4 protein chains.
Amino acid sequence: MVTSKISLNLQPNERSLCMTKKEKILKIALELIVNQGIQETPMSQISKVSGVAMGTIYHHFKSKNEIVNAIYIYLKKEMGNALLEEKDSSKDYKALFYQFWNNLFEFYQKNEMAFKFLQRFVQSPLISDETKVEGLEHYKPIISFFEEGLRNNILKPIDIVLLTETIHGNIVSLVQIHFQQTIVVNKKIIDQAIDMSWSSVANKNYE
Amino acid sequence: MVTSKISLNLQPNERSLCMTKKEKILKIALELIVNQGIQETPMSQISKVSGVAMGTIYHHFKSKNEIVNAIYIYLKKEMGNALLEEKDSSKDYKALFYQFWNNLFEFYQKNEMAFKFLQRFVQSPLISDETKVEGLEHYKPIISFFEEGLRNNILKPIDIVLLTETIHGNIVSLVQIHFQQTIVVNKKIIDQAIDMSWSSVANKNYE
Amino acid sequence: MVTSKISLNLQPNERSLCMTKKEKILKIALELIVNQGIQETPMSQISKVSGVAMGTIYHHFKSKNEIVNAIYIYLKKEMGNALLEEKDSSKDYKALFYQFWNNLFEFYQKNEMAFKFLQRFVQSPLISDETKVEGLEHYKPIISFFEEGLRNNILKPIDIVLLTETIHGNIVSLVQIHFQQTIVVNKKIIDQAIDMSWSSVANKNYE
Amino acid sequence: MVTSKISLNLQPNERSLCMTKKEKILKIALELIVNQGIQETPMSQISKVSGVAMGTIYHHFKSKNEIVNAIYIYLKKEMGNALLEEKDSSKDYKALFYQFWNNLFEFYQKNEMAFKFLQRFVQSPLISDETKVEGLEHYKPIISFFEEGLRNNILKPIDIVLLTETIHGNIVSLVQIHFQQTIVVNKKIIDQAIDMSWSSVANKNYE
DNA sequence: TATGAATGAGCATTCATTCAT
DNA sequence: AATGAATGAATGCTCATTCAT
């Protein structure tokens, strides 16, 4: 099962009054930015809503930009953790594919803020290259998983980049449908979606 | 074949000095907004670069927002046109699927500004619901095409919304790979991508 | 006779509404900055006191710094003009020396703001090198005058830089005494001061 | 000979860890303020560079302003000491004049920070009247020296204030030339400068 | 239509100072 | 005495929009 709502808790051992402030700032900033947009979220509002004085915010973060990057990194890490949860190596490849697909879908579904934030800022110039690279780290295990599938001829011989991006795109499409509420995304729809993904990448004998 | 580069030409019959100005404004605004971001593109810059005075811009567009919406509508129309080009009803269903897939991919590929703008603003609150509805119109023919496939059991019985969004998502994924330049998107990759899409939606007997 | 109070009038032929605004801004900024200091003079105050909106100020000047530089350049020009006024070539060298000395003294005395501003910003890093170079231009005629005196053995063989700086320093000392109001600077004191200057540079036979 | 580099040592009997901190603060503040300007030198920087915590600085000084005043007073005292050094009453008046002139010049020349700080803040409203009065004390012996010269008809009958200010201005002019590095201030230039000063104040029979 | 100077509310950020530890 | 996190008012500057010409 996937972690429930992100709570922006930092490492337990790092906990302190200071951490609590940082947490508050990031948590509030995430909400406000997703709901209103970056430019529509003044630092003064983050300060007021989080109850942390302006100066204190700047004590913890060099700039508004740094807050955005901090949120990005944090959410990517959470996503990375959620993605691989409950990896049961006894499952066969297809079952694991379903597992991972569903993990990410559920993570996004249960963390609307995280999904919208990450979607909006993947390509943004506000996110530094350094942060982007740091974010990519969390995809490594899943890439290995696909490479294994390719090696064993379970998956069609598709370029790994294309493969990864397409599957991720499929998940994102479903999450977007979910949040747009065009249709209700129930178990049946989710299964259809995962099935589409699997059909698109699996060799015939493994379908 | 797909229309070449968008030139933001408005209806020939509306042509006049004024039209030329409107065109200029939209063209320049599109470029600047895609390259710099909306908030980073002041009206004064649009004015300066396009050579159209501030006041004149406000003669043609009620607000900055209206410019963004005008661009959105215009690009969606162009996209709609490109999508259905060279529809040869003599082709079989699968061939048409390939055709349409490729049409949209090529359109995005050849119109980087259009792609990036549309991607960035699909979910944006800056785009009014009215504009979004207007934009959706252009998908109708392709939806009909999918419905036909479903009726004739060529396609798996997938929810039409899921189906459309997933295929569109697949195309977008490839375009993003193309512009990120992670890998070179050549004929082989494109074929792999379309094939993935087709496998994900087609009934076995039609693969 | 020396120009009376500086009025920050720009070239008559350039006069226009715009000029008037620029003038107002510079005039008010000069006063406020001299009386309160630069950092103690917010742009908002310059705006309020001058009756010119913040945005308008930034329409005319790129930054607060540019205003300071504009004032500096303007005052240096005024000073340059005042310095050479009523140059009567029929006068002998000593008389001309007295004339120029007195010109500059009177200029400073009658333009307290100018004097204090120039004194405070000569060495300031806020004044760009470009501005400083532009300011130095106005000293050229007086340097020529001193060189002539050296050539004709009227003046002692003193390094020209030392000579100029010392005489200017003497004038400045008197102006400072005047504004500090330690003593009343009357005709007698002024004559004493000029005489000190002349004694310090003139060859004995010319005293 | 003139005291060497100012070290901001406070009274030996007051020495303690605390004194050392006060010293550090003043020393660092002087450097930073001269190099960057007052407003450009935040207390936080003084704290960081001096290695003394913000709170501790405020233990020793009531405010930033008080630091500036403390530096001013300290430097004035140093200057006062340097000015009268090696007073050899066996020397004749002119020789003493040369001695004092040179003392002050060398002090300024060897203590660039002190010179620049004192020059910048003489007229500053940041320096309280009380501090200014305290600073003036150190000029008293030199004023007596000039009064003696006036009494004995060695000096021209010049107003004492004008006399003092002019001579001090002459020294300052040379120091400024030195630090601007327009020309190299060597023994010859210094002699020229002192000679100018002497000529300007001495009665003919004493030149 | 067309112009572009003028407007002023709004924002990110800074920094002297305080105070709980 | 010493610390440094916390405070929040204050500032330089931006920019969508208006309006007199």
Side-chain angles (χ1 to χ4, degrees), chain A residues 16-22 25 38-48 51-67, chain B residues 16-18 21-22 38-48 51-67, chain C residues 16-22 25 38-48 51-67, chain D residues 16-22 38-48 51-67:
Chain A
S16 75
L17 202 59
C18 150
M19 272 308 141
T20 297
K21 296 234 173 202
K22 257 188 153 171
I25 296 165
I38 276 226
Q39 310 295 339
E40 291 70 29
T41 303
M43 291 297 269
S44 58
Q45 194 188 16
I46 298 179
S47 164
K48 199 181 295 175
V52 178
M54 295 273 311
T56 310
I57 297 182
Y58 278 90
H59 195 76
H60 292 291
F61 301 96
K62 220 172 53 209
S63 66
K64 193 179 184 182
N65 220 310
E66 200 172 285
I67 294 180
Chain B
S16 74
L17 201 58
C18 149
K21 297 228 175 204
K22 253 187 155 171
I38 275 227
Q39 310 295 339
E40 291 70 29
T41 304
M43 291 296 270
S44 59
Q45 193 188 17
I46 298 179
S47 163
K48 199 182 296 174
V52 179
M54 296 273 311
T56 311
I57 295 182
Y58 277 89
H59 261 291
H60 294 293
F61 302 96
K62 216 172 57 209
S63 67
K64 192 180 183 181
N65 221 311
E66 201 173 284
I67 294 180
Chain C
S16 75
L17 203 57
C18 148
M19 272 307 139
T20 297
K21 295 233 174 205
K22 260 187 151 171
I25 296 165
I38 274 226
Q39 309 294 341
E40 291 70 27
T41 303
M43 290 299 270
S44 58
Q45 193 188 16
I46 297 179
S47 163
K48 197 181 296 173
V52 178
M54 294 271 315
T56 310
I57 296 182
Y58 279 90
H59 194 76
H60 292 291
F61 301 95
K62 221 171 54 213
S63 66
K64 193 180 183 181
N65 219 310
E66 201 173 284
I67 294 180
Chain D
S16 75
L17 201 59
C18 150
M19 269 311 132
T20 297
K21 296 229 175 205
K22 254 187 154 172
I38 275 226
Q39 310 295 339
E40 291 70 30
T41 304
M43 291 296 271
S44 58
Q45 193 188 17
I46 297 178
S47 163
K48 198 181 297 171
V52 178
M54 295 274 311
T56 311
I57 295 182
Y58 278 89
H59 260 293
H60 293 293
F61 301 97
K62 216 173 59 209
S63 67
K64 192 181 184 182
N65 220 311
E66 200 172 285
I67 294 180

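Here the structure is a predicted model, which is why all the values come from computation and not from measurement. Below, chains carry the letters A, B, ... as their sequence lines are ordered, and counting in each starts from 1.
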Using only side-chain N and O atoms of [X], determine if any of them is under 4.0 Å from OP1 or OP2 of [N].
| X | N | value |
| --- | --- | --- |
| C:His59 | F:dT14 | no |
| A:Lys21 | F:dT7 | yes |
| C:Thr56 | E:dA5 | no |
| C:Tyr58 | F:dT14 | no |

On DNA chain E, nearest-nucleotide positions of A:Lys64 versus A:Gly55: which is more 5'?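 Between the two, 5'-proximity favours A:Lys64.
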
By side chain to side chain donor-acceptor pair (under 3.5 Å), which residues pair with C:Glu40, not counting sequence neighbours?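 By the side chain to side chain donor-acceptor pair (under 3.5 Å) rule, C:Glu40 matches D:Gln39.
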
Using whole Å, report how far [atom1] of [X] lies from [atom2] of [N].
| X | N | atom1 | atom2 | value |
| --- | --- | --- | --- | --- |
| C:Glu40 | F:dG12 | CD | C1' | 15 Å |
| A:Gln45 | E:dA12 | CD | P | 10 Å |
| D:Lys62 | E:dT18 | NZ | C1' | 16 Å |
| D:Lys22 | F:dA1 | NZ | P | 10 Å |
| D:Ile57 | E:dT18 | CD1 | P | 14 Å |
| C:Ile38 | F:dA10 | CD1 | P | 20 Å |
| D:Phe61 | F:dA1 | CZ | C1' | 15 Å |
| C:His60 | F:dC13 | NE2 | P | 16 Å |

Measure the spacing between CD1 of B:Ile38 and CG of B:Asn65 and express it to the nearest 0.5 Å.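 B:Ile38 atom CD1 to B:Asn65 atom CG measures 7.0 Å (nearest 0.5 Å).
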
Gap separating the NZ atom of A:Lys64 from the OH atom of A:Tyr58, nearest 0.5 angstrom: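 Answer for the NZ-OH pair, A:Lys64 versus A:Tyr58, is 8.0 Å.
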
What pairs with A:Ser47 under side chain to side chain contact (heavy atoms under 4.5 Å, CB included), at least two apart in sequence or on another chain?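 Only A:Met54, A:Ile57 meet the side chain to side chain contact (heavy atoms under 4.5 Å, CB included) criterion with A:Ser47.
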
More 5' along DNA chain F: D:Gly51 or A:Gly51, using each one's nearest nucleotide?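 The 5'-side residue here is D:Gly51.
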
Starting from the 5' end of DNA chain F, give me the residue, D:Met54 or C:Gln39, whose nearest nucleotide shows up first.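 That would be D:Met54.
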
Compare the minimum distances between each of [options] and the side chain of [X], then state the nucleotide with the smallest one.
| X | options | result |
| --- | --- | --- |
| C:Ser63 | E:dA6, E:dA12, F:dC13 | F:dC13 |
| B:Pro42 | E:dT3, F:dC15, F:dT7 | F:dC15 |
| B:Met43 | F:dT17, E:dA9, E:dC15 | F:dT17 |

As a quick check of understanding, evaluate side chain to side chain contact (heavy atoms under 4.5 Å, CB included) for A:His60 and A:Val52, giving each step before the final call. CA-CA 11 Å; A:His60 292 291; A:Val52 178; 5.6 Å; no

For C:His59, does its backbone N or O pair with a side-chain atom of C:Thr56 as donor and acceptor, under 3.5 Å?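 Between the backbone of C:His59 and the side chain of C:Thr56 there is no qualifying donor-acceptor contact (under 3.5 Å).
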
Where does DNA chain F pair, written as one dot-bracket string 5' to 3', with Watson-Crick or G-U pairs under 3.5 Å, ( ) inside the strand, [ ] for crossing pairs and | for another strand? .||||||||||||||||||||

Taking all non-hydrogen atoms of both residues into account, name the closest pair between D:Ile67 and D:Met43 and its distance.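 Scanning both residues, the minimum pair turns out to be CD1-CE, 3.8 Å.
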
Shortest non-hydrogen separation from C:Glu66 to C:Phe61 and the atoms involved: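 The answer is OE2-CA, 3.6 Å.
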
